[in-house]
Number of protein chains: 2
Amino acid sequence: MLNKPDDPLDHVTRNGLAQAAGTNIETIRYYEKIGLMPEPRRAENGYRLYGQDAHRRLKFILRGRELGFTIEELKGLLSLVDGGDYSCGQVHAMTVEHLGNIRAKIGDLMRLEQTLADMSTQCEGGEVPDCPIIDKLFANIEIGSG
Amino acid sequence: MLNKPDDPLDHVTRNGLAQAAGTNIETIRYYEKIGLMPEPRRAENGYRLYGQDAHRRLKFILRGRELGFTIEELKGLLSLVDGGDYSCGQVHAMTVEHLGNIRAKIGDLMRLEQTLADMSTQCEGGEVPDCPIIDKLFANIEIGSG
DNA sequence: CTTGAGCCTGTAGGGACTACAGACCCTACC
DNA sequence: GGTAGGGTCTGTAGTCCCTACAGGCTCAAG
């Protein structure tokens, strides 16, 4: 263990961060390489040291990827946080743009949820060989904003 | 144009399908290669011919990818439709499994939506140089099932 | 002071596309 | 009929987002 108990918790190693966030060391390396995660400070021996900020940011990124956001979209969202030189007006415009995207996703997922829930309840426990409910998957879901 | 007006609409070319679904020809080719889309029938000249089924399936896949489902997950969902030799009990189990995943996504997206909506309204039109609302993005979102 | 685990860097591989290249086909215009 | 242009075909190579491996440095323990 490198961590000393009197430090302000900003001393987790790369692997520690990876485990805490539920990913692996290589992914963190990649995100740092492309600038999605910032370069952390280093200990005297050259080891990277991460804190609570990095942990939250990384979890946000990982979950964002699972939710289908691209790296570029996440950069956009995180730029709101990194808070460079945006005016509040710009922030407003950016958030509104993201909101449309997010609400569409929620809508589609809820339709998918509904269809699967219907399938599940109607099939409940049964052993019907040629389950006609399956047709609903495409009948109900005219998915998306197209 | 290859389409003849008296055919039953099952005669769209690959590019036609791509445009209708909002993607490109190469992606369709790839999905056929890995078996996510079926091999379509061919015209006498060897050209592929697609119909309404292919269109719906492709849109489902594309949107599914945007929603963060992996190819394997989509194969699982579509296997419900391709309806091989599943019992209704198996279908039930599979749908229930997917439902958990989908509901978690909905929950996270709604939290993200709420945060962004808050940012948007509070920033509305303003020109505040150092918008403190930005902190909320990480304050509110303890995202995910981790 | 060696052993072994963890960190460092660089590079190569895999999944999901994306782009390019050369040949075939088909309509249009001459 | 011929040919120019575009669309389709197949194959292969490249890109993006990671993931895995290789060789060397660092550190705590025995």
Side-chain angles (χ1 to χ4, degrees), chain A residues 1-5 7 10-37 39-51 54 57-78, chain B residues 1-5 7 10-37 39-51 54 57-78:
Chain A
M1 274 293 135
L2 260 169
N3 302 358
K4 302 173 199 151
D7 277 8
D10 288 327
H11 46 51
V12 178
T13 180
R14 214 185 217 179
N15 203 27
L17 175 63
Q19 292 185 356
T23 185
N24 56 15
I25 211 169
E26 311 287 351
T27 301
I28 297 173
R29 185 151 79 114
Y30 175 67
Y31 287 159
E32 284 166 3
K33 186 175 126 198
I34 64 173
L36 195 53
M37 289 287 290
E39 274 286 324
R41 68 192 186 85
R42 303 282 187 120
E44 285 161 9
N45 57 11
Y47 286 17
R48 289 171 181 76
L49 297 181
Y50 300 90
R57 187 184 182 100
L58 180 56
K59 287 214 77 168
F60 178 79
I61 293 168
L62 290 169
R63 186 57 177 160
R65 295 290 295 137
E66 287 176 9
L67 294 172
F69 293 96
T70 66
I71 297 277
E72 285 310 307
E73 285 170 333
L74 289 174
K75 276 187 183 169
L77 282 169
L78 287 169
Chain B
M1 275 293 138
L2 262 169
N3 304 359
K4 301 168 199 154
D7 278 8
D10 287 328
H11 45 50
V12 178
T13 181
R14 217 186 215 178
N15 203 26
L17 175 62
Q19 291 184 357
T23 184
N24 57 12
I25 211 167
E26 310 288 351
T27 300
I28 297 174
R29 186 151 79 114
Y30 175 67
Y31 287 160
E32 285 166 2
K33 185 176 129 199
I34 64 174
L36 195 53
M37 289 287 289
E39 273 288 324
R41 68 192 185 86
R42 301 284 186 119
E44 286 160 8
N45 57 10
Y47 286 17
R48 290 171 180 77
L49 297 181
Y50 299 90
R57 187 184 182 97
L58 180 56
K59 287 213 78 169
F60 178 80
I61 293 168
L62 290 169
R63 187 56 177 162
R65 296 287 297 135
E66 287 176 7
L67 293 173
F69 293 97
T70 66
I71 297 278
E72 287 310 307
E73 285 170 334
L74 291 174
K75 276 187 181 168
L77 283 169
L78 287 170

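Remember, predicted model here, so these are calculated numbers, not experimental data.
Counting heavy atoms from C-beta outward, A:Tyr30 and A:Leu36 have side chains that stay 4.5 Å or more apart. In this structure, B:Arg65 and B:Ile71 have side chains that are in contact, with non-hydrogen atoms separated by less than 4.5 Å.
A straight line from NZ of A:Lys33 to P of C:dT11 spans 10 Å, rounded to a whole angstrom. Between B:Leu74 atom CG and C:dC17 atom C1' the separation is 14 Å, expressed in whole Å. Between B:Lys75 atom NZ and C:dG15 atom C1' the separation is 11 Å, expressed in whole Å. If you measure from atom CZ of A:Arg42 to atom P of D:dT26, you get 13 Å, rounded to the nearest angstrom. Here C:dC17 presents its C1' atom at 12 Å from CG of B:Leu36, a figure rounded to the nearest Å. One interatomic measurement links the two molecules: CZ of B:Arg14 to P of D:dT10, which rounds to 7 Å at whole-angstrom precision. In this entry the distance linking CG of A:Asn24 with P of D:dC21 reads 12 Å, nearest Å. Going from atom CZ of B:Arg65 over to atom P of D:dC16 covers 17 Å, rounded to whole Å.
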Measure all distances between protein nitrogen or oxygen atoms and nitrogen or oxygen atoms of nucleotides 20-25 of chain C, and list the pairs falling under 3.5 Å.
| from | atom 1 | to | atom 2 | distance (Å) |
| --- | --- | --- | --- | --- |
| C:dC20 | N4 | B:Glu26 | OE2 | 3.4 |

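A:Glu44 CD to A:Leu49 CG: the interatomic distance, rounded to the nearest 0.5 Å, is 10.0 Å. Taken to the nearest 0.5 Å, the CG atom of B:Leu78 stands 4.5 Å off from the CZ atom of B:Arg57.
Ranked by how close their nearest DNA chain D nucleotide is to the 5' end, A:Tyr31 and A:Glu44 are led by A:Tyr31. Residues B:Ile34 and A:Asn15 both approach DNA chain C. Their nearest nucleotides, taken by heavy-atom distance, put A:Asn15 toward the 5′ side.
Not one side-chain nitrogen or oxygen of B:Tyr30 sits closer than 4.0 Å to the OP1 or OP2 atom of C:dT18. Contact annotation: B:Thr27 side-chain N/O to C:dA16 OP1/OP2 distance is not under 4.0 Å. For B:Arg48, no side-chain nitrogen or oxygen approaches OP1 or OP2 of D:dT8 to under 4.0 Å.
In terms of heavy atoms, A:Gly68 sits closest to A:Glu73 at O-OE1, 4.0 Å. When all heavy atoms of B:Met37 and B:Ala54 are compared, the closest pair comes out as CE-O, 3.5 Å.
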Mind listing the side-chain donor-acceptor pairs of residues 14-29 of chain B below 3.5 Å, one per line with the distance, residues two or more places apart or on another chain?
| from | atom 1 | to | atom 2 | distance (Å) |
| --- | --- | --- | --- | --- |
| B:Arg14 | NE | B:Tyr50 | OH | 3.2 |
| B:Arg14 | NH2 | B:Glu32 | OE1 | 2.6 |
| B:Asn24 | OD1 | B:Thr27 | N | 3.2 |
| B:Asn24 | OD1 | B:Thr27 | OG1 | 2.6 |

